[in-house]
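Here is the structure we will look at.
Start at 1 and go down the list; that is how both ligands and their atoms are numbered.
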Amino acid sequence: MPSPYGNKRTVAKLVSELEDAEKLNSRGRAYRRVCNLSHSDKKVVSWKFNEWDYGKNNITLPCKARGLFISDDVESPVIVARGYDKFFNMGEVSFTKWEWIEENCRGPYDVTIKANGCIIFISGLEDGTMVVCSKHSTGPREDVDRNHAEAGEKHLLKQLAEMNVDPKDFARMLYTYNITAVAEYCDDSFEEHILEYPLEKAGLYLHGVNVNEAEFETWDMKDVSELALKYGFKRIQSFDMNTIEDLKKLFDDCTASGSFKGQEIEGFVIRCHLKSNGKPFFFKYKFEEPYLMYRQWREVTKDYISNNSRVFKFKKHKFITNKYLDFVIPILDSSPKIREDYMKGFRIIELRTMFLESYGMSGLEILNHEKVAELELRNAIDYDKVDEHTKFLIFPISVIGCGKTTTSQTLTNLFPETWGHIQNDDITGKDKSQLIKKSLELLAKQEMKCVIVDRNNHQFRERKQLFEWLDELKEDYLAYDTNIKVIGISFAPYDKLSKIRDITMQRVIKRGNNHQSIKLDELGEKKVIGIMSGFLKRYQPLNIDKSPDNMFDLMIELDFNEIDSSLTNVKQILNEIHRAYPILMPEIPTDDKIDEAFRKSLEYKPTVRKIVGKGNGNQQKTPKLIRPVYISVNAREHDEIINLVRQGVANNKDLSQKFEGLLANDRLQKDFHITLGHVMSSREKEGKKLWKLYLTRYHDQITEYNNNHKENNSGNNQNTSVNTTDKLKFKLSKLCWDDKIIAIVVELSGNETGCLIDVNGDIVNGLKCLNKVPHITVCKIDSNVKAVYSNVLCEKVQSGEAQDENVKVLKLSDAKEFVGDVCLNF
Ligand code: GTP
Ligand code: MG
């Protein structure tokens with residue numbers, strides 16, 4: 001073993017640098033936590049920095065140790081325990097790229113297998129008191145339900161007893177050598193991580209011995225191993241590689257097979273030295289998979305347990321994750337105990353292993369065969385099969401006024417529990433695919449068997465679009481193995497078009513204002529007839545031999561009669577469905593019932609008002625200037641904001657789990673922005689003036705957008721965002737979380753005159769945020785909620801009215817100043 005250190009231990013200079021760094025309010029800020037020791041009345045201070053500050057080239061931190069505990073001694077503070085200098089994954093930062101390592105490091109490369117548990121630092125005081133720390137804390141804690149340091153210590157005492165070592169001697173030895181023993185505590189009975197550590201493998205894996213000095217100094221693996229042997233630690237596997245080529249080959253081989261010598265491992269830690277000064281240099285090589293997949297399984301399981309509903313939308317590994325859920329859901333449903341354990345972090349590995357065993361493949365095999373397996377299994381699903389699990393969609397092919405809505409209403413009146421009806425005319429938003437999204441959402445309900453997707457679809461293009469949307473969106477709403485059959489209903493036979501024209505025009509005129517968008521009083525008869533003629537002119541009737549019309553599973557071709565056409569239609573539809581799909585319609589309702597349902601449907605009145613095109617029929621001579629809908633500041637650092645939120649909720653287990661769940665399911669807003677002003681806010685008196693100021697400032701960009709827009713002739717170019725050269729700086733303040741939305745209240749930099757900064761770095765006079773409480777919408781938990789609801793929530797929180805227990809408010813770190821770009825959103 002190396003000779004004892006022990007002189008010049010005091011690190012007063014480091015402490016004063018740390019204390020200075022504590023006063024910073026952005027980059028390089030240090031955070032302290034004072035910890036009471038368990039077996040002494042002394043205290044130690046745990047120091048850390050923001051995670052991302054360690055890897056930045058342009059920040060010099062007083063000490064890069066991840067895990068740094070200094071005695072609470074004003075005169076001559078000493079380092080009590082010290083972690084490794086923060087090290088990074090291959091390629092994660094500029095100095096872990098191959099070229100950099102090749103140029104700056106020298107071998108041998110000491111490769112160790114990464115243990116997968118929680119890190120524990122062990123050291124001793126002069127009087128023989130043992131100090132055991134987790135990454136950033138030691139001693140008793142009230143605020144956590146699992147104390148890693150205490151659990152690690154318990155295990156250590158057991159281990160020392162088995163070796164007949166007095167803990168005091170061990171502590172004194174550590175003190176004498178002035179070292180910290182760094183171990184990984186792996187024990188599934190305490191806490192499960194990703195790899196399995198059953199009883200026989202559980203223990204403290206000693207992977208390093210650091211000298212308690214500000215400058216990073218660490219023992220060679222040979223000495224570490226010797227110490228482990230002497231004190232009963234489990235040893236980690238390690239071996240030398242002489243050249244960087246050997247190292248590369250090792251990683252390539254392991255990545256290809258996904259394992260090391262047949263064992264699943266999380267990755268390697270590589271220790272070498274810098275050519276320049278001979279100092280130790282560490283980096284790691286972590287396998288992404290199958291751990292990402294396992295993590296996703298864990299999150300979807302937690303999500304299922306918390307919400308009792310199954311998610312279908314996944315980032316990756318969609319197919320196998322669905323298979324996994326098929327397997328675990330019945331188990332979870334049958335045992336509240338398993339659900340409870342799972343939420344406490346146990347049995348995660350057990351369920352995963354059970355699934356893998358039943359599936360007959362290891363995680364790695366699944367990944368290697370993922371595509372093939374998916375195809376094979378998909379082929380194994382008989383999509384032609386029609387049984388009690390099959391669901392149905394109906395797509396009409398029609399022109400205006402043929403009785404689609406009347407027919408659909410009659411059918412849903414007959415089967416109110418199992419048939420649904422979604423009308424395109426009820427959808428007023430910009431997103432046209434809402435038609436199919438809403439239909440699938442309705443169809444996904446357990447009792448729902450058939451949904452009529454009410455739209456004219458008078459052209460091939462529209463029919464094709466429905467099939468494409470269905471293909472793309474189906475698995476977001478329904479299980480992958482749910483068969484959907486699509487039934488087409490052709491309402492307007494081509495040879496009857498002139499009759500159809502006459503009758504539908506009479507009917508629609510008679511219908512008057514009783515429609516979502518075609519309102520006779522507003523449009524006038526001429527305009528209504530004009531619209532209807534347009535549809536008839538463009539009409540592409542059914543062509544069953546050609547795509548997309550050959551994609552229907554069943555086509556019902558209706559005739560068109562003058563009297564009670566919808567009644568006749570319904571009867572024909574019922575008959576044909578009964579014949580083709582008795583499972584959907586085992587019996588045809590009696591004529592009386594059908595009559596009654598039809599009469600009722602004639603009284604149907606729409607509930608939605610929809611404005612299509614220009615409403616009043618006055619043709620616009622000159623195109624109207626398109627103005628932004630809202631002006632925002634788009635944050636540049638999305639991930640860092642997520643990280644701060646993650647930190648903010650870290651102490652709240654429930655929110656923390658929910659947040660990870662939302663993250664795993666890709667539910668957070670894609671872009672984080674602060675709305676400075678919305679065209680709606682300009683309707684209010686105060687806002688009007690400010691909004692005008694904004695439009696004046698960005699006049700040029702708005703004109704340019706309009707010019708491009710004309711040239712592109714792109715009709716309705718929605719949702720485009722145009723960057724300006726102005727910026728804004730802001731800090732996070734609080735997280736506001738209720739059952740509908742998650743938002744962050746932010747603090748904008750600036751002063752009385754304004755908050756925007758121009759290219760020269762000067763404040764732009766007069767431009768302020770139009771919202772009372774500037775904020776970022778992080779996630780719409782309730783997908784129907786409008787982002788503007790964040791306003792309501794944040795104002796409630798800021799005014800102190802949010803006393804209700806459904807609103808959670810958490811302070812966020814304001815250490816970092818973020819920058820965002822001012823954008824115009826058209
Ligand atoms: P759009 O939504 O405008 O494309 O029309 P649509 O195809 O949904 O037709 P809708 O069901 O609204 O029918 C048009 C008008 O004709 C309505 O006022 C209906 O009440 C009426 N109507 C529909 N079918 C019948 C029928 O069989 N007999 C009678 N008397 N009126 C009908
Ligand atoms: Mg209709």
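- Counting only N and O atoms by type, the side chains of Asn634 and Ser632 include a donor and acceptor under 3.5 Å apart.
- Ring centroid separation for the pair Phe672 and His638 comes in under the 6.0 Å cut-off.
- Annotation: Lys496, atom NZ; neighbour count of heavy atoms from other residues, nucleotides and ligands within 6.0 Å is above 12.
- Proximity of Asp425 to ligand 1, defined as any heavy-atom pair under 4.0 Å, is confined to the side chain (atoms from C-beta onward).
- Contact check on Glu462 versus Arg538 returns no salt bridge, with no Lys/Arg side-chain nitrogen under 4.0 Å from an Asp/Glu carboxylate oxygen.
- You'll find the ring centres of Tyr630 and His673 inside the 6.0 Å limit.
- Scanning the protein heavy atoms around atom 8 (O) of ligand 1, the nearest turns out to be Thr405 OG1, 2.7 Å.
- A heavy-atom separation below 4.0 Å is not found between Phe491 and ligand 1.
- Under the 4.0 angstrom criterion for non-hydrogen atoms, Ser565 is in contact with ligand 1.
- Taking both residues in full, the closest heavy atoms of Arg461 and Gln540 are given as N-OE1, 4.5 Å, listed atom of the first, atom of the second, then distance.
- The nearest protein atom to atom 12 (O) of ligand 1, hydrogens excluded, is given as Arg511 NH1, 2.8 Å; this is a heavy-atom distance.
- Within the 4.5 Å cutoff, no side-chain heavy atoms of Ile487 are placed close to those of Glu576.
- Nearest protein heavy-atom contact of atom 2 (O) of ligand 1 is His515 NE2, 3.0 Å.
- Taking the six-membered ring for Trp and thresholds of 30 and 60 degrees, Phe552 and Phe395 have ring planes more than 60 degrees apart, a perpendicular arrangement.
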*Thr405 and Asp454: side chain to side chain donor-acceptor pair (under 3.5 Å), yes or no, with the steps?*
CA-CA 7 Å; Thr405 304; Asp454 183 349; 2.9 Å; yes
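- For Asn456, the heavy-atom gap to ligand 1 drops under 4.0 angstrom.
- At the shortest separation from atom 20 (O) of ligand 1 among protein heavy atoms lies Leu602 CD2, 3.7 Å.
- In this structure, atom 21 (C) of ligand 1 lies nearest to the protein heavy atom Arg507 CD, 4.1 Å.
- The residue Gln423 has no part lying near ligand 1, judged by heavy-atom distances below 4.0 Å.
- Gly403 N, 3.1 Å is the protein heavy atom nearest to atom 9 (O) of ligand 1.
- On a distance-only criterion, Thr407 and ligand 1 share no N/O pair closer than 3.5 Å.
- Note on Thr405: counted as a metal contact of the Mg ion (ligand 2), an N/O/S atom lying under 2.8 Å.
- Considering only non-hydrogen protein atoms, atom 23 (C) of ligand 1 sits nearest to Thr406 OG1, 3.3 Å.
- Nearest to atom 30 (N) of ligand 1 among the protein's heavy atoms is Asp564 OD1, 4.3 Å.
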